[in-house]
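Notes to accompany the following structure.
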Amino acid sequence: MTYADNTRGELPSFVSHLECSRSGERYPAGELHNLSDGGFPLLVRYDLDRLGAAVDKQALLERTSDLWRYREFLPVTRAENIVSLGEVTTPLISLSRIAASRGANRIDVKDEGRLPTGSFKARGVAVALSMAKELGVRSVAMPTNGNAGAALSAYASRAGMKSYVFCPGDTPEINIAETGIQGAEVFRVNGLINDCGKIVGEGKAPTGWFDFSTLKEPYRIEGKKTMGLELAEQLGWSVPDVIFYPTGGGTGLIGMWKAFAELEHIGWLGKKRPRMVAVQAEGCAPIVKAFEEGRETAELWENAHTVAAGIRVPVAIGDFLILQAVRESDGFAITVSDEAIEAGRTEVAGQEGLLLCPEGAATYAAYLKSLDEGRVSADDHAVLFNCATGLKYPLPRYGAELNLAQPVDFASMVR
Ligand SMILES: *Cc1c(COP(=O)(O)O)cnc(C)c1O
């Protein structure tokens, strides 16, 4: 049973208002919102003094091990509105053999592939769709590179809502199929995710659907924020030295940064922050380019391509928030090649038994590159985010042929 199955009625709620992430302008909670009037993402603000007084770490330990254990930090006000498929706490898996062979202190992978629909998109969508239900939304639409659409489809069906998902035509087939079978109307668009986003925006008036695009509604960040809450709790209310995050729209990076600030405000974390490293692919690196050029916002990346579909995002509406978090944390932004992504996936799977998704493998490749370049130290405790199960992605063909008509040559098998 999930938390939602066992609970009814009012939840402890500490949301004070929503705030434009650019101007600081305030908007009332309890109403549907997309972007601020200025066209920027809205952030959910809480009465943190009251929140801090209402939760204690000891009581948390007795709760179900899912993201709703952090309900005081979340915006949903009534339990019946929670739409859940069992958003489990994801494990930290240490790459101890690899760390030992590279002389590194500690490398952990936060394995988000264990979540419903096989990716961390479930965190954001679970919270945002619960809020949509609370605020009376009946149908939702979203552009996606795959995993977000799959999560939206699943949670919308669970909530009894209609969903519409638009993805680039070359989105991995498994994502299109899972999205379709879970109930969404799914469309293949001969363009990139920003082209799909345009369709969703233009469709709002004629269809009445609610625009669920990344950061265009305030609550997916809150769901993704639970990665930061969870990580800090798993580390005994402390943070690692450095976090490598595969950055597309940046929701997770922005969300974790917000989580750490909220935890510091209520006294559960000290001043120390992890250095936040935004990882992108060489073939689509608008944030890295902006970081290196010292800009506050990023430019559209032309001809975006990479095997890591989840980070093929040529333009991110939260670019300035990603760049702010990276800089405030004394972190950096870095690219990796598709070859390094593939090699990283093979190495971690073969040596540690952990099959990463290409985006997760990108964080591993970025970690190695950063270590080589001296941008992180072997003494650092590094956390890499594996955002989806590796099983959702095409894999190379393995398996030598054995012919039953001939004797089996065991000697040649053993290596
Ligand atoms: C969506 C996605 C990302 C990027 O996440 P953001 O928080 O939007 O930057 C990375 N990896 C995978 C597998 C994804 O599905």
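Indexing begins at 1, ligand by ligand and atom by atom, following the structure's order.
Between the E352 side chain and the L354 main chain, no donor and acceptor come within less than 3.5 Å of each other. A donor-acceptor contact shorter than 3.5 Å is absent between the side chain of R375 and the backbone of S370.
Ligand 1 lies under 4.0 Å from heavy atoms of F120, K121, N147, K224, Y245, P246, T247, G248, G249, G250, T251, G252, G310, I311, E359, C387, A388, Y393.
Side chain to side chain, E282 and T306 fail the donor-acceptor criterion of an N or O pair below 3.5 Å. Using modelled atom types and a 3.5 Å distance limit, the side chains of H381 and N105 yield no donor-acceptor pair. Side-chain contact, D111 with N386: a donor N or O sits under 3.5 Å from an acceptor N or O.
In this structure, the side chains of R26 and L18 stay at 4.5 Å or more apart for every pair of heavy atoms.
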